[in-house]
Each structure stands twice: as C-alpha cells, then as structure tokens.
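Naming convention: chains lettered A, B, ... in sequence-line order (proteins, then strands); numbering from 1 in each chain.
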Number of protein chains: 4
Amino acid sequence: MNELRVGLIGCGAIGKDHALRIQNKLQRARIVAVTDVVRESAEKVAQLCDCTVRDTATEIIADPEIDAVVVTAWDPAHKELVLECIEHQKFVFCEKPLATEAKGAEEIIRTEMQGGNRLVQVGFMRRYDKGYRQMKEIIDGGGIGAPLLVHCAHRNVASGKGVTEDFMITQTCIHEIDLTKWLVDDDYDSVRCLVGRTSKEAPDGLRDPQMALIRTKSGICIDVEIFLNARFGYDIQCQVVGERGTVNLPDPSYPPIRTEAMKGTQLCTDWSIRFIEAYDVELQEWIDNTIQGITAGPNSWDGYIAALTADLLIKSRDEGGAEIKLNTPERPVFYQN
Amino acid sequence: MNELRVGLIGCGAIGKDHALRIQNKLQRARIVAVTDVVRESAEKVAQLCDCTVRDTATEIIADPEIDAVVVTAWDPAHKELVLECIEHQKFVFCEKPLATEAKGAEEIIRTEMQGGNRLVQVGFMRRYDKGYRQMKEIIDGGGIGAPLLVHCAHRNVASGKGVTEDFMITQTCIHEIDLTKWLVDDDYDSVRCLVGRTSKEAPDGLRDPQMALIRTKSGICIDVEIFLNARFGYDIQCQVVGERGTVNLPDPSYPPIRTEAMKGTQLCTDWSIRFIEAYDVELQEWIDNTIQGITAGPNSWDGYIAALTADLLIKSRDEGGAEIKLNTPERPVFYQN
Amino acid sequence: MNELRVGLIGCGAIGKDHALRIQNKLQRARIVAVTDVVRESAEKVAQLCDCTVRDTATEIIADPEIDAVVVTAWDPAHKELVLECIEHQKFVFCEKPLATEAKGAEEIIRTEMQGGNRLVQVGFMRRYDKGYRQMKEIIDGGGIGAPLLVHCAHRNVASGKGVTEDFMITQTCIHEIDLTKWLVDDDYDSVRCLVGRTSKEAPDGLRDPQMALIRTKSGICIDVEIFLNARFGYDIQCQVVGERGTVNLPDPSYPPIRTEAMKGTQLCTDWSIRFIEAYDVELQEWIDNTIQGITAGPNSWDGYIAALTADLLIKSRDEGGAEIKLNTPERPVFYQN
Amino acid sequence: MNELRVGLIGCGAIGKDHALRIQNKLQRARIVAVTDVVRESAEKVAQLCDCTVRDTATEIIADPEIDAVVVTAWDPAHKELVLECIEHQKFVFCEKPLATEAKGAEEIIRTEMQGGNRLVQVGFMRRYDKGYRQMKEIIDGGGIGAPLLVHCAHRNVASGKGVTEDFMITQTCIHEIDLTKWLVDDDYDSVRCLVGRTSKEAPDGLRDPQMALIRTKSGICIDVEIFLNARFGYDIQCQVVGERGTVNLPDPSYPPIRTEAMKGTQLCTDWSIRFIEAYDVELQEWIDNTIQGITAGPNSWDGYIAALTADLLIKSRDEGGAEIKLNTPERPVFYQN
C-alpha cells in the first residue's frame with residue numbers, strides 16, 4: 001500500500017481540520033469519503049477535499065475501498081463507531097475521548113481483544129508534541145534520575161459557553177491524565193480532586209480552578225492545576241522532579257523583547273494553535289504505521305484508563321477530595337507497545 | 001536610645017552568625033553580653049565581639065543594661081527563654097521555632113497578651129528576602145489579581161545527619177508555612193500531608209519527598225514539595241497564581257553562561273548563603289524597630305500558627321493524608337500588624 | 001498546474017536533501033529528473049526519488065516536461081546554470097551563492113531583466129525561519145520603533161577541513177548579509193571587516209573570530225561576529241535595537257533542566273538541523289509560488305548584493321578594516337517584491 | 001586605627017549620597033568634616049552627618065585629624081584636589097573622572113609616583129558590582145577559555161538636559177572603558193567610534209546611538225553600544241566571548257510574571273539604583289583598605305587610561321571613525337595591583 005485511503009466520520013471543527021491536514025499537509029494518505037449527521041457539513045468538507053459524501057458512517061466503515069477510518073464525530077457517538085470499525089477489522093483513529101464513560105471503553109477493549117488485532121488509536125496528541133518528546137527523551141535517558149513527582153498546570157484564557165465542572169476533568173485534565181503516565185511510564189493507583197478558591201472571573205456554577213492529585217503504582221505524586229479562566233494565556237506547564245534533577249516542558253518559542261520597562265516574550269493565548277504541529281506528527285505517524293499494519297501510540301487501554309481516571313476524579317471531587325483507588329488490573333500484554 | 005545593647009543566648013552556629021552580623025555588619029546595635037550552656041562557645045563569641053560572658057540566661061534577660069535579647073539557644077529551650085523575657089518585659093528576637101509544640105507557643109501568647117506589650121519577634125527571615133518582598137509588592141499591587149493557588153518547592157541537596165521525617169515539617173516546611181500566609185495575607189483552615197515515591201538517594205527511614213497541602217480560610221490551595229535529598233541544588237520555588245496572572249520567586253542571580261552545548265546559570269547549593277541578605281535585613285529592621293519601641297515582623301501569633309500547622313501536618317501524614325482542620329480563633333487584634 | 005515537475009542539478013549533500021524533501025515531505029511537487037557530473041551520485045538520488053537520470057544539465061533545463069529547476073551543483077557552476085535557465089525562461093531555485101563573485105551575479109541580473117520575467121530565487125533559507133519571521137513581524141508592526149542597530153553572532157562548533165578566511169565571509173557571514181537587510185528593510189551603504197584576537201582552537205592560518213561591520217543607507221549599524229571555532233555550540237544570535245526597544249532571535253527550544261548545580265537547556269550543536277524547518281518552508285513556498293507563476297523571496301538582486309557585500313568585506317579585511325562603499329544603484333523596480 | 005575619619009569635598013547629589021552611605025550604612029568610618037563651594041549644601045550634609053563644615057578644601061585636606069578624603073566636587077576641580085591630597089600624602093577617593101582630560105591625569109600620575117606612595121582610588125564602582133565580579137570569577141577560572149571579544153551595551157532611558165555627544169563618551173561609555181579592561185585583564189591598543197542612524201527620540205544635535213570599538217593589546221575586540229535615549233529601560237549588557245564559551249552580565253533580578261499574554265520581568269529604569277549596592281561595596285572596601293594603609297581598586301593609572309581612551313574615541317568620531325592608536329607605555333609596576 002502506497003497511500004492510505006481514509007474515510008472520515010464527523011465533519012465539525014476538528015473533523016474538518018483533520019481532513020484538510022491529511023489532504024494538504026501530510027504525506028501518503030488521501031481522504032476518499034466523509035460523512036456527517038449534518039449533510040451540509042459533510043458536503044463542505046468533501047468539496048475542499050475533492051472526495052465523496054456518504055449517507056451513513058456504516059457506508060464508510062464497511063467500504064472495502066477504504067483502508068482506515070478517522071472518527072471525529074461528537075463524543076457520545078465515539079464508542080459505537082469504534083466498535084463498528086473493530087467489527088469490520090478496520091484501523092481507526094478516534095479523537096479523544098474513546099468513550100464518555102469508562103464502561104464504554106471497557107466494552108471496546110473486550111471486543112478489540114476478542115478480534116485478535118489491535119486496531120484503535122486514540123487522539124491524545126500531546127504525546128506527539130516536540131517539547132514533551134524532548135522531556136521524555138531526557139527522562140528515559142536518565143538525565144534527572146527516576147521520576148518522583150510531576151507538577152502540571154493546564155490554564156485556559158476562558159471557559160467556553162456551557163462548560164461544566166465535569167468538562168474540566170473529561171475534556172481538559174484528560175490531556176494530563178494520558179500524558180503523564182506515558183511520560184513517567186507508570187500506571188495509576190489512586191486519585192483525589194480538590195476545589196479551592198474560585199476565581200471571580202469564572203462563570204456562575206463553575207468552581208475554577210481545581211486541583212487533581214494522582215498517585216501512580218510506584219508512588220509518583222502528580223498534581224494538576226486545572227484553571228479554565230486564567231485570562232493571561234493558554235499556559236501548559238509540566239515539570240518532572242527526579243532523583244537528581246528536574247525537567248520542564250518548554251514554553252512555545254517567541255522572540256525575546258525589551259520594551260516599556262519590561263523584558264519577556266509573548267505567550268500563546270490560542271489553544272487551537274498550541275499543539276498544531278503535534279496534530280500533524282500524530283496523524284502522519286498514524287498514517288505511516290497503518291500503512292505497515294502497525295498500531296502504536298495511545299491505544300484503547302489508554303483510552304479506558306483516561307476515562308476511568310476522569311470518572312474517579314469527578315467522584316472524588318463530589319466526595320470532598322477523598323482518595324479513590326482505581327483497582328485496575330495490569331495492562332494486558334495485548335496493549336503493551 | 002542611639003544604639004541597642006543586645007544580649008545573646010546560645011552561641012552555636014546561628015548564634016555566632018547573628019552576633020557577628022550585629023557587631024560587624026549592621027548599624028545601631030552592639031552585642032554586650034553572651035551566654036551558652038557550653039561556656040567555651042560563649043567565650044569564643046565573646047572574644048570575637050569584645051563583650052562579656054554571663055553564666056546564665058537570666059543574668060542577660062534580667063540585666064537593666066541590656067535593651068533586648070536574641071535567643072539562639074537550642075530549640076527545646078526557646079519557650080522558657082522567651083517567657084522569661086516577657087516576664088522582664090524585654091524585647092526578644094527568637095530564632096524559629098518559637099516553641100517545639102503548639103502548646104508552648106500558646107502559653108507564650110497568653111503571657112505576652114497578659115503583659116500588655118508585644119515584645120516577641122520570631123526569626124522567619126524569608127519575609128525579609130528581596131525576591132519574596134518583590135513578589136508581595138506585585139501581589140498587593142494587584143498585578144496578578146486575587147491569589148487563588150500557591151505552588152512551592154523546598155529542595156535541599158542532602159538531608160543532614162539524624163534528620164527525621166518530623167524535621168521535614170518542623171524545620172524545613174516551616175518556612176513555607178510562615179511565608180505563604182504572609183504572602184497572600186490569609187489564615188489557614190486545613191492541612192494534608194502526602195507521601196509519595198521515596199528517592200533512592202534518601203537515607204533509610206526517611207520518606208523523601210513529601211507534599212504538604214494547605215488550604216486557607218478564603219480557600220487558597222497551597223502545595224509544598226518538601227524534598228531534602230534533591231541533590232541538584234538548594235532550590236526554593238514559589239509561584240502564586242492569581243485571577244489574572246502568575247508571579248514567581250526569582251532564582252538567585254548568576255551570570256548566564258554558554259559552554260559545552262549547554263546554556264544556563266549556576267544554581268545555589270548552599271542553604272546557608274541563599275538567604276544571607278535576608279538575615280541582615282531582618283535583624284537591622286528588628287534593631288531599628290526595637291530602638292523605637294515598636295514590634296513588627298513575625299510575632300508570637302505567627303510562631304504559634306506555624307507550630308500548630310506543623311503539628312497537624314505531621315498528624316495528617318501519620319493518618320495517611322487525611323484532611324485536618326486547624327480550628328483556630330481569629331488572629332487577636334493584639335497581634336495584628 | 002496541480003503539481004510542479006522539478007528537475008534537480010547537483011546531487012551532493014544539499015542536492016540529495018532537497019530532492020528527498022520535495023519528494024517525501026512537501027506537497028504539490030515531484031522530482032522528475034536529476035543529473036550530476038558524478039553519474040553515480042545522480043543514480044543514487046534517482047533511485048530514492050523514483051525518477052530519471054539525465055546526462056547533462058541542459059537535458060533538464062531544456063525539457064518542456066520539466067516546469068522548474070533546482071540548482072544544487074557546486075558553487076562555481078551556479079552562474080552558468082542559472083543563465084541557461086533564464087535563456088529557457090524556466091523558473092529556477094538556486095542554492096546560495098548565486099555566483100561566486102559579484103560580476104557573475106550582475107550578468108544574471110542583466111540577462112534576467114532583458115528576458116522580462118523574474119525567474120530566479122536564491123536559497124537564503126533564513127528568511128523562512130520561524131524565529132526570524134516572528135522578529136520581522138514585531139519590527140514591521142512597530143513593536144520596537146524604527147531599527148537603529150543590529151547585533152549578530154554566527155558561531156560554529158568547528159571550521160571544517162579546508163575552510164579559508166574567505167569562506168568565513170562568502171559561506172558563513174553571507175547568511176547574515178542577506179538576512180539583515182531583509183529584516184530591517186534597507187540597503188547597504190558601506191562595510192568594514194576587523195580581525196581580532198585569534199582563538200587557539202582555530203586551525204593555522206585562519207584568523208577566527210572576525211567582525212563584519214555594515215552600515216545601511218539609512219545609517220543602521222550592523223555588527224556580525226563570525227566565529228567558526230566557538231566549540232560550545234552552533235549559536236546564531238540576532239538582536240535588533242529600535243527607537244523604543246529591542247527584539248532578539250529566539251534560541252531553538254529545549255526543555256529547561258536543573259541538575260548538578262546548573263539550570264539551563266541544551267544548545268544546538270549541529271548546523272544541519274538548526275534551520276531544517278526553514279528549508280521546508282522555503283521550498284514549499286517556492287513550489288506554491290512557482291505553480292502560480294509568481295516569484296517571491298530572495299531574488300537575483302539579493303544574490304548580487306550578497307555577493308558584492310561579501311567581496312567588499314574581504315577587501316576591507318585585506319586593507320586592515322578600512323571602510324568601503326558599495327556604490328550600488330537603487331534596487332530596480334523589476335526586483336522589488 | 002579602628003575608624004577612618006573622612007573629610008568630604010563637594011556636597012552635591014553624589015557627595016551627599018556618599019556621606020550618608022559612610023555615616024549610616026557602612027562600617028568603620030565616620031564623616032568628620034565636609035565642604036562645598038556652596039556653603040548651604042555643605043551645611044545641609046553636615047547636619048545630616050552631625051559633622052563640621054569647613055570653609056575650604058584645603059582645611060580638610062591639610063587637617064591631621066582627617067585620615068582620608070572623598071572628592072565629590074564637580075569634575076573640573078578633581079585634578080587640583082587630588083594633587084593637593086597627594087601633596088599632603090593623604091589617601092583620597094576621587095569620583096570619576098580623575099581629570100577631565102588625559103593631560104591632567106598624567107600630571108597626577110607623575111606627582112603620585114614622585115611621592116612614592118599610592119594614595120588615589122578612582123570611583124569606578126562597576127568593578128564592585130556582584131554580577132561583574134561573578135563574571136570575572138568565571139573568566140579568571142577558565143570557565144569560557146581565553147577572552148576573544150566583548151560585546152557591551154549601555155542604554156539609558158533618556159539623555160538629561162544639556163547632555164552633549166562628548167558626555168556620551170566621557171560620562172557614559174567611560175564605565176565600560178574602565179570595566180572591560182579590568183574584566184579581561186588587558187590594556188588598550190586602539191579605538192574607533194562610529195555614528196549610526198540617530199533615533200528620532202534623541203534631542204537635536206545629539207547623534208544617538210553611537211558605537212565605540214576598542215582593541216586591546218592582545219587583540220581582543222570590544223564593541224560598546226552607547227544609547228542614551230533607549231526609552232525602554234536602563235539596560236546594561238556585557239558579554240565576553242571566550243575560546244570555549246560565553247558569559248553575560250546578569251540582569252537585575254525581578255520576579256517572573258505572566259499576565260496579559262506576556263511573560264517576563266520588569267526592567268530597571270533608574271540608573272541611580274542599578275549599581276547602588278556596588279557603591280556600598282566600593283566604599284566599604286576603600287575604607288577597610290585605607291585603614292590598613294593599602295590602596296586597591298581603580299588607581300590613577302586606570303583614571304588616566306580611561307581619560308585618554310575617552311579623548312581618542314571623541315577624536316575618532318570627529319574623524320569619521322578612523323582607527324587611533326593609544327601609544328601608551330606599559331602600566332608602571334607602581335600601579336600594578
């Protein structure tokens with residue numbers, strides 16, 4: 001196979017981005033068909049990509065002329081679409097979350113393992129960010145000794161309309177949940193979620209910021225500040241403290257300026273461009289792996305752990321910050337990379 | 001009074017430092033008498049300061065020719081010495097801790113209030129550090145909006161001989177305990193202390209690092225990483241997250257270097273010089289205030305809250321990280337600056 | 001035209017890189033034919049790109065099935081190859097230098113203008129570097145006021161075999177020569193070149209470092225440190241001082257590390273990767289412009305000014321640092337972007 | 001001698017500062033008498049320092065009850081006052097410049113050498129700045145290899161009233177002139193001064209910025225940007241490039257802030273506080289040395305070289321940037337520290 005023929009399900013914002021990315025920017029893949037519950041959205045993307053529109057997701061998933069599927073539908077549809085891809089033994093890239101609840105992800109795991117082939121990659125793009133990869137290389141190379149602690153912050157300029165407290169965990173903190181265990185190569189043991197003083201800038205009913213505390217099986221303590229109305233910038237921080245040093249995620253690069261009695265640089269304020277290159281790398285690697293019949297990157301197990309951890313963080317928060325155990329079995333050999 | 005006549009009790013390392021500081025570096029004060037349970041230590045300092053040696057602490061505290069007392073004896077003696085100073089209505093600068101347990105500090109508070117005059121300053125020198133003061137000025141000036149979170153790290157190169165887990169709280173974290181509430185101008189409501197993965201570099205029996213979590217009455221969440229065997233440097237970090245920005249404690253200043261494929265600066269590795277200028281400012285301000293009959297800076301109430309918070313952090317740690325309330329009354333008017 | 005059919009002349013290191021870049025990484029272009037004076041080199045690249053090998057450059061330049069030419073032959077051949085492209089009215093991307101001497105570049109200018117169409121782009125890739133572009137955006141946006149001074153440094157780890165003092169100007173400083181006038185949007189008026197204390201690390205006969213001083217027509221003073229044996233890294237610095245501030249080229253981004261009493265980051269030591277993304281952007285833009293029949297980026301006039309400035313810097317150095325005027329006419333309208 | 005009895009000549013801004021510094025902040029010295037051509041100024045300082053006022057400088061210089069003299073009179077009086085101090089074999093701290101022209105400084109050198117005792121220290125306070133001292137320690141310790149180049153910038157917010165182009169050299173650049181040769185432990189061989197594009201912010205008749213280029217006897221090339229109307233801050237930069245690395249003067253330390261889409265720190269805008277601690281160290285060391293009968297720090301030879309270099313930089317500028325040799329003899333053994 002020289003070129004991966006991709007069908008894309010869900011033509012909203014992220015769906016359109018991924019379609020154009022595959023079509024215009026990446027190598028060795030082509031969007032051949034798209035669909036959306038809103039026909040108009042699908043037609044718009046189809047025109048930009050010069051591809052066909054299908055009436056249903058099934059027409060894409062079942063088509064033997066389509067090699068792989070990208071799922072960018074709305075979150076509640078992810079689980080069923082991924083299950084259908086597995087049924088047709090088709091490679092599928094599913095945007096996060098794999099399922100809106102841990103139960104759904106568990107069902108995917110069972111089905112995928114029964115099928116005998118690993119087919120699913122979940123869209124945790126931060127693992128493909130250059131800065132995080134440089135950090136991981138340093139950690140894995142022993143540059144700071146064994147990891148002991150991780151301090152993270154996930155700060156947005158403003159919470160969008162209709163954002164709920166659950167969103168703070170399932171859509172925001174979810175990135176750190178997946179990223180951190182990959183970074184320190186460990187699994188999670190227990191979680192707590194604390195609520196502190198709420199910013200006056202936060203909309204009514206949103207206790208913002210919050211603090212997630214996660215402990216790994218080897219005892220690494222992870223703290224994540226989740227702050228959706230930080231105003232000053234889209235600021236993603238990550239520091240790993242090891243036995244002999246610390247390493248930080250680098251900030252995005254801007255020219256140092258001195259003016260008006262200040263020195264410094266601009267900060268990124270737009271979440272949609274902060275990891276834009278990571279999306280490119282993520283999908284290019286998925287394309288190249290899929291062409292070779294390989295799955296790598298975040299798999300269904302990672303999607304399941306992320307969903308479960310998020311569920312329990314919400315539960316802990318509702319219980320006033322109580323410690324809650326994950327009680328998960330070991331990662332199956334099937335899901336080890 | 002043009003010059004403060006100071007008597008110093010306790011001629012160990014910090015006692016000798018303070019004596020020489022007052023004698024050779026600061027203005028408007030003179031060491032006139034010293035004492036120590038080890039006569040030899042007192043004589044050594046007396047010779048350097050050209051002052052007399054007294055047989056007992058009482059001979060210093062009760063001497064009408066001595067205007068003020070510096071207590072640098074060993075920790076368990078602090079309480080009784082301070083009480084004796086109050087009894088003689090003498091101004092006293094007491095190195096931290098004011099008392100080894102909260103109960104002792106409570107007794108001091110009762111006695112001092114009964115005496116009707118505020119006389120005691122506790123040696124929390126970080127409030128006099130230029131960097132922390134710059135931070136406070138920015139926070140108080142509204143530069144980052146109302147404070148919501150504080151992230152701290154207290155990292156030492158190595159734990160000394162005989163250092164225990166309690167020491168991590170009562171001697172190390174104690175600085176952040178006092179400093180942080182001053183920085184954000186709030187009182188404490190509850191604490192938790194978590195133990196994570198222990199560094200292989202830590203001596204047997206010392207679970208290092210640990211994480212202290214403190215919540216203020218207004219809900220500000222403070223986290224303090226306490227890490228005594230961090231190896232790479234004496235690294236003191238403090239970040240306050242406000243409603244519209246963040247501010248950090250600046251690192252000590254060293255020349256930026258580029259060499260051998262690295263750019264960066266040296267880090268401080270010696271705790272004894274990290275805040276050396278803060279000690280100078282602290283004692284000079286104490287001298288100048290005392291000459292005018294004023295007490296300012298950390299007082300007995302601060303010493304009490306620090307001792308109580310430390311006690312409860314240890315209790316929380318022993319109880320597996322449970323949240324424990326302080327249940328303290330409001331700061332008495334007597335102790336408001 | 002949907003896809004640019006490219007012929008490449010010169011299959012050495014940079015030729016091979018550009019061929020693979022166009023073939024595997026970029027969009028909307030395809031290498032259709034290559035040639036090299038060493039047949040073996042051409043065959044190797046042809047195999048990687050799945051394209052034909054031609055016996056001579058002319059077979060590529062004259063081929064109507066080839067839309068555009070990339071010249072990556074050795075420097076002395078550039079002038080004749082570009083002239084032949086112009087003769088056939090074919091778009092050509094020529095690696096720097098356009099010609100080894102200013103005279104050759106002048107001939108190209110005359111010929112290209114006579115032909116009536118701008119066809120040539122010269123390979124000054126730094127204009128496509130993200131950091132320099134961010135700087136230019138800030139300067140053009142008035143962020144630092146009108147530019148007054150530019151301080152540059154071009155530091156390599158080690159001079160390669162056979163590197164001469166002329167190379168320091170014509171191959172190294174040449175990048176700053178082109179970049180700086182673009183950055184501040186000005187033309188050059190005079191140059192000086194000073195030789196200072198030579199590093200013991202420099203090979204015999206190479207006075208390293210050297211300082212180029214260039215003045216623009218509006219009086220902006222540019223200084224360029226050229227240091228080929230700086231050992232510590234491949235370190236490219238650029239600071240523009242304006243009437244109300246300064247802006248610097250950002251260093252390449254690496255994770256901040258604290259370890260062994262140092263804080264800092266890695267430095268780039270490999271010139272071949274420092275601007276690797278700039279090469280991608282440069283050629284992608286060239287492809288996209290050429291498809292639309294547009295020329296943009298550094299043109300023959302820029303190549304001519306670069307060659308002339310380099311010639312005069314060498315002359316100044318030979319004359320002990322004397323100031324030498326460029327005495328060039330205004331940039332022809334034909335060459336204004 | 002336990003305490004140095006100091007007489008101070010010249011009670012303007014810097015005179016008053018030094019008097020109060022010696023009286024209230026430093027150890028082991030006391031201002032015993034002051035004088036000024038404006039009697040009122042002297043009386044004001046005398047009151048603050050609780051000391052006598054003398055009618056003439058001679059009454060101070062000749063007084064056997066005065067151990068040492070501080071000269072803070074206006075610049076044109078420095079030479080004669082220092083000569084009179086030498087005549088009376090009295091230690092003298094003279095604010096820069098030692099003399100307004102090199103000739104005057106030469107006369108001082110001759111007289112001081114004839115007298116047989118080194119008595120004069122010139123007020124180049126930057127040698128006492130912590131940052132420069134840290135740089136020198138790194139350089140002397142071999143941290144960057146042998147120095148090859150020095151890049152400096154001296155940027156002020158605004159030129160004061162009546163500031164002339166000569167002032168840019170004799171009052172501004174003079175600091176770098178003295179500092180740099182001390183930093184790299186070398187003497188000067190030749191100078192050039194270039195004028196570039198003038199900022200619109202500069203007052204009429206002041207070509208600002210300017211560039212001084214100085215070459216040392218060993219060939220080290222020093223460039224100094226002098227920019228009096230830089231607006232954005234009082235920005236002092238110094239980078240030494242050695243055979244294996246670079247080292248920079250650290251900026252003054254302020255807390256890192258993130259707010260309003262920017263990260264960075266405040267910059268110093270007030271020249272009068274930038275080196276305020278260096279003044280303290282400078283005078284304390286002068287006091288302590290003088291008590292022991294030692295002279296150290298910048299001496300008359302340094303004052304002479306500074307005056308001569310400044311004279312020749314002005315001459316070079318007037319001659320369009322021509323290179324001018326210093327043609328000075330070797331530093332006499334008498335003036336080696």
Side-chain angles (χ1 to χ4, degrees), chain C residues 143-153 155 157 184 186 189-190 192-202 207-227 229-233 235 237 239 241-248 267 320-323, chain D residues 143-153 155 157 184 186 189-190 192-202 207-227 229-233 235 237 239 241-248 267 320-323:
Chain C
I144 59 162
L148 302 173
L149 299 159
V150 188
H151 306 300
C152 303
R155 297 167 184 148
V157 173
V184 300
D186 204 343
D189 182 62
S190 70
R192 295 177 208 242
C193 183
L194 309 180
V195 179
R197 184 180 184 183
T198 289
S199 173
K200 287 187 297 290
E201 306 276 341
R207 289 172 301 172
D208 183 32
Q210 304 191 0
M211 285 288 290
L213 300 170
I214 308 177
R215 186 192 299 263
T216 71
K217 291 194 171 170
S218 79
I220 298 171
C221 283
I222 301 155
D223 51 87
V224 185
E225 173 195 331
I226 313 153
F227 189 8
N229 292 281
R231 292 296 177 265
F232 70 90
D235 190 34
Q237 298 297 318
Q239 178 180 60
V241 181
E243 291 184 334
R244 284 179 292 102
T246 66
V247 61
N248 280 55
L267 284 175
E323 184 175 20
Chain D
I144 59 162
L148 301 172
L149 299 160
V150 187
H151 305 302
C152 304
R155 297 167 184 149
V157 174
V184 300
D186 204 343
D189 182 61
S190 70
R192 298 177 207 241
C193 183
L194 308 180
V195 180
R197 184 180 185 184
T198 290
S199 173
K200 287 188 296 291
E201 306 276 341
R207 291 172 299 172
D208 183 33
Q210 303 190 1
M211 285 288 291
L213 301 169
I214 308 177
R215 185 192 297 264
T216 70
K217 291 194 171 171
S218 80
I220 298 170
C221 284
I222 300 156
D223 50 88
V224 185
E225 173 194 331
I226 312 154
F227 189 7
N229 293 280
R231 294 295 177 265
F232 70 91
D235 191 34
Q237 297 296 320
Q239 178 180 62
V241 181
E243 291 184 333
R244 282 178 296 103
T246 67
V247 61
N248 279 56
L267 283 175
E323 183 176 21

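Between R192(C) and G321(D) the shortest heavy-atom distance is NH1-O, 3.4 Å. Closest of all the heavy-atom pairs between S218(D) and R197(C) is O-CG, 3.3 Å.
Contact annotation for I144(C): neither backbone nor side-chain heavy atoms come within less than 4.5 Å of a heavy atom of chain D. Neither the backbone nor the side chain of T216(C) comes within contact range of chain D; no heavy atoms are under 4.5 Å apart. Using a 4.5 Å cut-off between heavy atoms, R244(C) touches chain D through backbone and side chain atoms alike. Heavy atoms of N229(D) lying under 4.5 Å from chain C belong exclusively to its backbone. At a 4.5 Å heavy-atom cutoff, the contact between I220(D) and chain C is made by backbone and side-chain atoms alike.
Here E201(C) contributes atom CD and L148(D) contributes atom CG; the two are 9.5 Å apart, rounded to the nearest 0.5 Å. With rounding to the nearest 0.5 Å, the separation of CE in M211(C) from CG in L149(D) is 6.5 Å.
At least one donor-acceptor pair under 3.5 Å links the side chain of R215(D) to the backbone N or O of V195(C). Between the E243(D) side chain and the K200(C) main chain, a donor and an acceptor come within less than 3.5 Å of each other.
When the candidates A153(C), A202(C), P147(C) are compared by the number of heavy-atom contacts under 4.5 Å with chain D, P147(C) comes out ahead. Ranked by heavy-atom pairs shorter than 4.5 Å toward chain D, the options T198(C), V241(C), D223(C) are led by V241(C).
When side chains are defined from C-beta on, L213(D) counts as touching L213(C), because their heavy atoms get closer than 4.5 Å. Side-chain contact check for Q210(D) versus C221(C): every heavy-atom pair is 4.5 Å or farther apart.
With H151(C) as the fixed residue, the side chain to side chain donor-acceptor pair (under 3.5 Å) test singles out one of Q239(D), E225(D), Q237(D), H151(D): E225(D).
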